**Q** 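Pasting a structure here, questions to come.
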Amino acid sequence: MLKNIVLGAAVVGTVLTGGVVVDTATAPDANAACYGSVSTWKGTNYTCGNGARHWDAIKNGNPKYGAWVGRGKVSSQLACWPNVVSYGMTAR
């Protein structure tokens with residue numbers, strides 16, 4: 001969010017001064033957009049070509065992983081794990 005605000009401010013400042021704007025700052029985040037709808041239980045691989053999987057980080061325990069899934073599929077946990085401190089998706 002902060003990145004978007006800073007980038008937006010840079011674009012507005014450049015436009016107001018008459019410069020040309022080229023958005024190259026978002027290119028490294030391109031893979032992050034290939035999955036979404038992530039919760040503690042599951043996440044959806046929208047367009048990740050090589051697969052994506054859901055994960056839960058467990059307090060004082062090993063992380064739990066959902067299955068690797070292809071495009072348009074949902075990766076979900078096998079159980080509702082206690083002590084989840086964070087969760088997300090990983091694309092390969």
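Since the structure is predicted, the reported quantities are computational estimates derived from the model, not experimental observations. Heavy atoms only: backbone and side chains are in, while hydrogens, waters and symmetry mates are out.
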**Q** Which pair of non-hydrogen atoms, one from A91 and one from C34, has the smallest distance, and what is that distance?
**A** CB-SG, 4.0 Å
**Q** Can you tell me how far the CG atom of L78 sits from the CG atom of D56, to the nearest 0.5 Å?
**A** 10.5 Å
**Q** For V85 versus K59, what's the shortest heavy-atom pair and its separation?
**A** CG1-CB, 3.6 Å
**Q** Measure from the side-chain N and O atoms of S75 to the backbone N and O of A67, and report whether any donor-acceptor pair falls under 3.5 Å.
**A** yes
**Q** Could you report the tightest heavy-atom contact between Y35 and V38, atom names first, then the distance?
**A** CD1-CG2, 4.3 Å
**Q** How many angstroms lie between NZ in K42 and NZ in K73, if you round to the nearest 0.5 Å?
**A** 14.0 Å
**Q** State whether a side-chain donor-acceptor pair under 3.5 Å links S37 with Y46.
**A** yes
**Q** Do K64 and I58 touch side chain to side chain, with heavy atoms closer than 4.5 Å?
**A** yes
**Q** Nearest heavy-atom pair of N45 and M89: which atoms, and what distance?
**A** N-CE, 4.2 Å
**Q** Side chains of W55 and P63: does their closest heavy-atom pair fall under 4.5 Å?
**A** no
**Q** Can you confirm whether the side chains of S76 and W41 place a donor and an acceptor under 3.5 Å from each other?
**A** no
**Q** W68 versus R92: any side-chain heavy-atom pair under 4.5 Å?
**A** yes
**Q** As an exercise, state the distance from OG1 of T40 to NE2 of H54, rounded to the nearest 0.5 Å.
**A** 6.5 Å
